[in-house]
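The structure appears below as structure tokens.
What you see is a predicted model; the values in this text were computed from it and never measured. First the proteins, then the strands, lettered A, B, ... as listed; each starts at 1. The figures that follow rest on heavy atoms only: side chains count, while hydrogens, waters and symmetry mates do not.
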Amino acid sequence: MTATTSPTPAPGAPDAPNVLHAPVIAWFDAHARDLPWRRPDAGPWAVMVSEFMLQQTPVNRVLPVYEQWLARWPRPADLAKEPPGEAVRAWGRLGYPRRALRLHGAAVAITERHGGDVPRQHSQLLALPGIGEYTAAAVASFAYGQRHAVLDTNVRRVFARAAAGVQYPPNATTAAERKLARALLPEDEPTAARWAAASMELGALVCTAKNEDCARCPISAQCAWQRAGKPPHQGPARRGQTYAGTDRQVRGKLLAVLREAVAPVPQAVLDRVWDEPVQRARALDGLVADGLVEPLPERLYRLPLS
DNA sequence: GAGGCGTGGCC
DNA sequence: TGGCCAAGCCT
């Protein structure tokens, strides 16, 4: 199903679309979720906020926090005026709270460097804290309708199956994947942006990691993995994310206390979240080093005011 | 490039 | 029941 299987364009005619574009986009038109960041009234800032929150966090958990965030800080400058700790507090239990700090930092940078408007250029987006290759392409594509290869875990899985014929993509994004994604990108901007959203949604709803639903897939007939009989993943399993008993868990417990507190918290109160003193101290030091927690005199701690 | 970084739901 | 998974980024 690679691009080489596309029909040869007639001489003088525009390039024929890849055989995947039309069915995937038609499926998207019929089945896309009505998510707030996809509505017409969602501007670039709303798209950007959603992308930060969706980094490793499921849609259903993002939705309520996203609504509160946009209501409170409708423009980047509104967030930039706040202490970073307020962003961490409002982040709630979305997880990976450094994202909140980075989103705040991005809002400050947008206010200072871009006149308060989310930049349009991929390179300028990439220069903002918390924005990597994926998020820069996603904002440029979804918010500004530009033509970019948007390679997230969903798209990578769809391509791994449809094009490479394997169940899962490699652990880390490869040059071959980027090349394929660029090759599959429709020529014109609006179609490319539509394709990016559609291929992602297909991976999120149908071509899922577990319990994929090939019967509802609009490209199952062209899918190399399906045609090969859906062979299971070969090789080592992906590195698991241990959590219980790790510093991460301790950090989470400490920060949960500080998020709920309206006044600086004595260390003695924080000490109650974890028995083991060495790990507890290491976790707290890590939070301070990351700028997520601000130490005060007399062993008091709070979310950062600066 | 591997490892660190939250949280909660699901099968 | 607990390992796996969820629109990554940074060092």
| query | When the nearest nucleotide of DNA chain B is assigned to A/Thr173 and to A/Ala256 on a heavy-atom basis, which residue is associated with the more 5' position? | reply | A/Thr173

From the set [options], return the single nucleotide nearest to any side-chain atom of [X].
X        : options               : answer
A/Tyr168 : C/dC5, B/dT7, C/dA7   : C/dC5
A/Tyr96  : C/dA7, B/dT7, B/dG6   : B/dG6
A/Arg33  : C/dA7, C/dC9, B/dG6   : C/dA7
A/Ala204 : C/dC9, C/dA7, B/dC5   : C/dA7
A/Asn211 : C/dC10, B/dC11, B/dG6 : B/dC11

| query | So, A/Gln146 side chain and A/Arg120 main chain: donor-acceptor pair closer than 3.5 Å or not? | reply | yes

On a whole-Å scale, what distance lies between the [atom1] atoms belonging to [N] and [M]?
N     : M     : atom1 : value
C/dT1 : B/dG6 : P     : 28 Å
C/dA7 : B/dG4 : P     : 22 Å
C/dG2 : B/dC5 : P     : 23 Å
B/dG1 : C/dA6 : C1'   : 23 Å

| said: Check this for me: does any side-chain nitrogen of one of A/Arg282 and A/Asp285 sit under 4.0 Å from a carboxylate oxygen of the other? | reply: no

| message | Can you tell me how far apart CD1 (A/Ile131) and CD (A/Glu51) are? Round to the nearest 0.5 Å. | response | 9.0 Å

At 4.0 Å (heavy atoms only), tell me whether [X] reaches a base, stays on the sugar-phosphate, or touches nothing.
X        : result
A/Leu255 : nothing
A/Val62  : nothing
A/Ala209 : sugar-phosphate

| message | Using the rule ring-ring contact (aromatic ring centres under 6.0 Å, His included), only one of A/Trp45, A/Trp37, A/Phe52 pairs with A/Tyr66; which is it? | response | A/Trp37

